Structure formats: C-alpha cells, structure tokens
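Presented below is the structure to which this report refers.
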Amino acid sequence: MSMQKRKEIPSKPRFALAAKRAYELLSELDICEFPVDPRKIMDYFPNWHLKGWQELRVNTDEDDPLNLAKEQAEAKTVMLRGSDEYLIVYDDRVDNIQRIRWTLAHEIGHIVMGHLIQFEATALNRRGLTREDYGVLEVEAHCFASDLLAPKTI
C-alpha cells in the first residue's frame with residue numbers, strides 16, 4: 001500500500017473554490033428552490049451519516065461522543081476509519097432550526113472541500129492542526145455554507 005503525501009493546508013482561505021464547490025453541488029443535485037435543506041443534500045450521499053449528539057450519546061453509551069460538549073462545538077464531521085463513510089454529528093440540543101441548517105451546511109462544506117482527506121494534518125481529527133490552519137479550514141467551510149444556502153447569484 002503506497003502512501004501519497006497529502007497537500008499542505010493553504011495559508012489563506014480559498015473563497016473562489018468554496019463558492020465554486022457550493023454552486024457545483026447545487027447544480028449536480030438540481031437544487032433550484034429555497035430554502036436549501038442540508039438534510040436533503042445528505043440524502044443524496046449514502047456514505048454520509050447524520051446523527052444528533054444526544055442520540056449518539058445514548059447509542060454509544062458515551063458521555064460526550066466526539067467531544068462536542070468539551071470542545072463547545074456545534075457539530076463535527078469525521079471519516080470512519082478504513083472507509084469512505086462520513087459521520088456528521090450535530091448538537092441536537094440547539095433549538096434554532098436556522099442555526100442547525102447553517103451548521104449542517106458548514107459540515108457539508110468540510111466534506112465537499114476535501115478537508116478530511118486532502119491534508120495530512122486533518123487525518124481524522126483536528127488535533128494536529130495549528131490555530132491558523134484550523135482557522136483557514138473553518139473560514140472555507142463558512143464560505144461554502146453561505147454560498148450553498150444563499151448563492152450570491154440569487
């Protein structure tokens with residue numbers, strides 16, 4: 001098994017690429033009405049799995065699955081070892097539907113932008129990232145989410 005060296009995380013967010021990827025996804029899935037529903041987008045991808053934090057907590061018998069509470073994160077996406085399966089876990093205690101839509105679109109951005117597979121430092125978690133690298137990837141996911149939910153052309 002040969003290991004290919006993964007790319008370095010860019011020093012600046014790739015805004016144009018994030019917008020392009022969001023528009024390509026909307027086009028590919030023929031989404032042409034609003035509001036865009038990130039859950040419906042996930043339905044197109046059988047290897048993307050969405051779970052609420054409380055549900056995962058009960059099913060895994062763990063106090064804090066993926067350390068969402070500890071890290072004060074609203075969601076986290078991980079790639080399951082040895083597969084092309086993604087698990088998106090969001091804080092289902094949040095009672096603002098629009099906030100959840102944004103959070104899920106942001107997590108889709110991490111997948112579509114290749115954040116979990118393109119960079120050596122992101123190998124399954126963000127613990128290996130510098131604050132600057134983490135910031136670049138977060139801004140890219142924010143930009144993607146913005147263009148997915150409210151494309152500038154519309």
Side-chain angles (χ1 to χ4, degrees), residues 9-26 29 31 33-81 83-152 154:
I9 293 173
S11 59
K12 296 179 183 173
R14 301 165 295 172
F15 296 111
L17 181 61
K20 179 180 182 224
R21 294 273 168 83
Y23 298 156
E24 287 171 348
L25 184 62
L26 290 168
L29 301 181
I31 295 172
E33 58 185 49
F34 294 96
V36 172
D37 184 350
R39 291 172 193 267
K40 287 184 180 176
I41 290 173
M42 290 179 195
D43 289 343
Y44 286 98
F45 299 93
N47 61 323
W48 296 6
H49 309 284
L50 178 64
K51 296 289 179 201
W53 180 82
Q54 292 182 107
E55 175 189 358
L56 196 60
R57 204 172 158 212
V58 169
N59 291 339
T60 63
D61 201 28
E62 289 185 32
D63 285 339
D64 188 12
L66 300 182
N67 297 314
L68 243 61
K70 178 182 176 188
E71 296 173 9
Q72 297 180 337
E74 291 184 21
K76 189 182 284 189
T77 300
V78 294
M79 192 168 196
L80 302 177
R81 292 183 196 264
S83 74
D84 66 347
E85 306 278 320
Y86 292 94
L87 174 62
I88 301 168
V89 177
Y90 72 100
D91 188 346
D92 50 355
R93 298 170 296 176
V94 173
D95 63 357
N96 183 319
I97 294 168
Q98 299 307 328
R99 185 67 193 181
I100 291 172
R101 274 182 66 238
W102 170 265
T103 299
L104 297 180
H106 174 98
E107 295 305 313
I108 290 170
H110 284 304
I111 295 171
V112 173
M113 293 295 294
H115 291 167
L116 299 175
I117 59 173
Q118 285 184 354
F119 308 114
E120 189 173 316
T122 59
L124 300 181
N125 67 52
R126 65 182 187 215
R127 288 187 191 106
L129 295 177
T130 66
R131 178 180 230 156
E132 291 78 18
D133 287 346
Y134 177 72
V136 166
L137 299 182
E138 285 299 290
V139 168
E140 285 187 357
H142 285 336
C143 181
F144 176 93
S146 175
D147 285 314
L148 184 72
L149 297 175
K152 289 174 183 72
I154 297 178

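The basis for the numbers below is simple: all heavy atoms, side chains too, and nothing from hydrogens, waters or symmetry mates. Source: prediction; values computed, not measured.
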Calculate, to the nearest 0.5 Å, the distance between atoms CG and CG belonging to Leu25 and Asp147 respectively.
-> 12.0 Å
Is the shortest heavy-atom distance from the side chain of Trp53 to the side chain of Glu74 under 4.5 Å?
-> no
Non-hydrogen atoms of Ala141 and His115 that approach each other most closely = N-CE1, 4.2 Å
Heavy-atom pair of closest approach, residues Phe144 and Val112 = CE1-CG1, 3.7 Å
Is any side-chain heavy atom of Leu26 closer than 4.5 Å to a side-chain heavy atom of Pro151?
-> yes
Between Trp102 and Pro38, is any pair of side-chain heavy atoms under 4.5 Å apart?
-> no
Going by an N to O cut-off under 4.0 Å, is there a salt bridge joining Arg101 and Asp37?
-> no
Identify the heavy atoms of Lys76 and Glu107 that sit nearest to each other, and give their distance.
-> C-OE1, 3.6 Å
Would you say Ile111 and Phe45 make side-chain contact, with heavy atoms under 4.5 Å?
-> no
Which heavy atom in Leu68 sits nearest to a heavy atom in Ala75, and how many Å separate them?
-> CD1-C, 3.9 Å
Of the non-hydrogen atoms in Leu148 and Ala105, which two are nearest, and what is the gap between them?
-> CD2-CB, 4.0 Å
Between the CD atom in Glu140 and the CG atom in Leu17, the distance rounded to the nearest 0.5 Å is 7.0 Å
Minimum side-chain heavy-atom gap Phe15-Val139 below 4.5 Å | yes
Nearest heavy-atom contact between Leu149 and Val36 is CD2-O, 3.8 Å
Nearest-0.5 Å distance that lies between atom NZ in Lys40 and atom CD1 in Ile31 | 9.5 Å
How many angstroms lie between atom CD of Gln98 and atom OG1 of Thr103, to the nearest 0.5 angstrom?
-> 11.0 Å
Measure the CG-CG distance between Leu116 and Asp84 for me, rounded to the nearest 0.5 Å.
-> 12.5 Å
Between the CG atom in Asp64 and the CD atom in Glu71, the distance rounded to the nearest 0.5 Å is 8.0 Å
Flag side-chain contact, heavy atom, 4.5 Å: Met113 against Gln118 | no
Main-chain N/O of Arg99 paired with Asn96 side-chain donor or acceptor, under 3.5 Å = yes
Counting heavy atoms not belonging to Asp61, are there more than 12 under 6.0 Å from its CG?
-> no
Determine, stepwise, if the pair Arg39 / Ile100 fulfils side chain to side chain contact (heavy atoms under 4.5 Å, CB included).
-> CA-CA 10 Å; Arg39 291 172 193 267; Ile100 291 172; 3.8 Å; yes
Parallel, tilted or perpendicular: which describes the rings of Trp48 and Tyr86, with under 30° parallel and over 60° perpendicular?
-> perpendicular
